[in-house]
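So the structure is just underneath, and the comments pick up after that.
Chain letters run A, B, ... following the sequence lines, proteins first and then strands; every chain starts at 1.
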Amino acid sequence: LNKFDKIIEESKKLDGFLVQDVDQAWNEFSKLLNSDNTDVRELHHINNTKTFKIQHLLKYAVAIVIIIYGLTYISKPLKYTETAYTKSNSDIITLQDGTVIYLKPNSELTYPVRFNDIKFRNIELKKGSAMFNVASNKDIPFIVITDNTRTEVIGTIFSINRKEDFIEFINIEGVIQISEVSNPEHKKILNKGQIFNYYQGVFDISITERDSLVEIQQITQDLVNTRLPNSNKTLSTKGKNSLASNYFIRDVINHLIKHNKEYLKVKKKYKFKRKQKVLIDLTQDLKTILNELEKSGFISIKSGKCKDCYIISPK
Amino acid sequence: LNRAFENINDFQNIFKEYYNPLLNFINSYLHNIENSKEVVQNTFLKVWENRLNIDVNSSVKSYLFQIAKNTMIDYIRKNKKYSLNLELNREIEQNFTQISTDAIDPYIIKSAILKVMAQLKPKNKEIFELHKFEGLTYVEIAEYLNVSKRTVDDNISRTLKYLKEELKDHPDFFD
């Protein structure tokens, strides 16, 4: 006899073998698993039961944390834009590409914060007025949507001012193209010093001229009330200059270079200290500002080749 | 082994396979079907609750058998009915320590045979019973039932095939 037959022989001796319905037995057992039948559990090692419960709780806790984290991560889209608001003050926004936007009081503007793989630099001036000093980039046009208008540039300085019943576009430098969103065939091209007023639905108003230098002066005046991000406007107690504000030195240098390209050069790439601030009145002329910065120990100044030209270098 | 108890479906299959063999084995000592049911239930409960701590290299059968033995000893010790008879307790405990895992094998086979038989046609069932339980040869069965020897042979082979399928988790039975 082989092993199997031997076992069968032994099994023959098992008289009165009871066959229970295993499905029913399993159902009863399943109920027991889900109940708190302490009488039955008396036989179990308490430690093992505790370990079992803790392990289960931990499993659920980990699962819940993972689910919540996953849902939060999935539901949280990547932030591509920011919105800036101004009330009584102005604000200056410097974009990642170097573009500087002067947001006038009571304005609202949405701007991009991620510049990787973008095809357009899309700005929306939702409310109020702003001036744009756009960093040149031929591959990525800079587009400003203002109500029903679309202003497209590559790199220039221009201003958009929302008036009571029209929008005023002033081009200070370079060329800008304005078109109507609802009718893209309506286009206006503005050269340096040209102004165009857009009345809702009327697009054939002629372009007027204005001395761009006058405009620059006006914008400089606008900056009198401008507060750079994180700056604290401080009134001088000695009566020397009531328009001085605390600015990050990095922003001051960038601002001066942007607006004085023909007169100001940096000897070598200016390495600013991120958190260093300077109290200065930016409405003063360039030479005065530079002298103050030199006195404060931030920069060194040398005369350039042309008259009123300067070369600055970090100290 | 560990994996066999981790998944509720795998555990359910093991429960259904071993429930009747363990029940009858325990009952052969306790002689009380309700008490035996309770011990078997507690055996599986212990296995389930300890499944994450199981770290043994033995087979499912050996592990279950060991837990069943311990659970029965616990039960006897805690049950007043048995604790009054100390002599019987000692006898059962001593017997238990000497019992090897193979003691459960006839119960497993008996359970499997009964399960297979329940699915067989009456004629096939009769042929298999005459051969395996009454000890008749193929020729004797053929004469007795007035069928050919080949028919008996085929029937028994087919039934054994079913039985082997039922006992596929016990390849050691067919060594």
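Ring-plane geometry between B:Tyr107 and A:Phe17 is classed as tilted, the angle between the planes lying from 30 to 60 degrees on a 0 to 90 degree scale.
The two residues B:Lys16 and A:Val22 make their nearest non-hydrogen contact at O-CG1, 3.5 Å.
Residue B:Tyr19 holds its OH atom at 12.0 Å from CG of A:Asp23, rounded to the nearest 0.5 Å. Of the inter-residue distances, the one linking A:Ser30 atom OG with B:Phe15 atom CZ reads 7.5 Å to the nearest 0.5 angstrom. Note that CG of A:Leu14 is 11.5 Å distant from CG of B:Asn27, once rounded to the nearest 0.5 Å. The NZ atom of B:Lys110 sits 14.0 Å away from the CD1 atom of A:Ile7 when rounded to the nearest 0.5 Å.
Residue contact with chain A, scored on non-hydrogen atoms closer than 4.5 Å, involves the backbone and the side chain of B:Phe133 alike. Only the side chain of B:Leu160 comes within contact range of chain A, with at least one heavy atom under 4.5 Å from a heavy atom of that chain. Of the atoms belonging to B:Asp102, not a single heavy atom falls under 4.5 Å from chain A.
Ranked by heavy-atom pairs under 4.5 Å with chain A, the first of B:Ile33, B:Leu167, B:Ile108 is B:Ile33. Of the listed residues B:Ala118, B:Gly135, B:Pro106, the one with more heavy-atom pairs under 4.5 angstrom with chain A than any other is B:Pro106.
Using a 4.5 Å heavy-atom threshold, the side chains of B:Phe11 and A:Trp26 count as touching. Within the 4.5 Å cutoff, the side chain of B:Leu45 has heavy atoms near those of the A:Phe29 side chain. By the 4.5 Å heavy-atom criterion applied to side chains, A:Glu28 and B:Lys37 are not counted as neighbours.
B:Asn24 contributes a side-chain N or O that, together with a main-chain N or O of A:Leu18, makes up a donor-acceptor pair within less than 3.5 Å.
The environment of NZ in B:Lys161 is sparse: at most 12 heavy-atom neighbours from other residues, nucleotides or ligands sit within 6.0 Å. Heavy-atom contacts from other residues, nucleotides or ligands closer than 6.0 Å to NZ of B:Lys115 number 12 or fewer.
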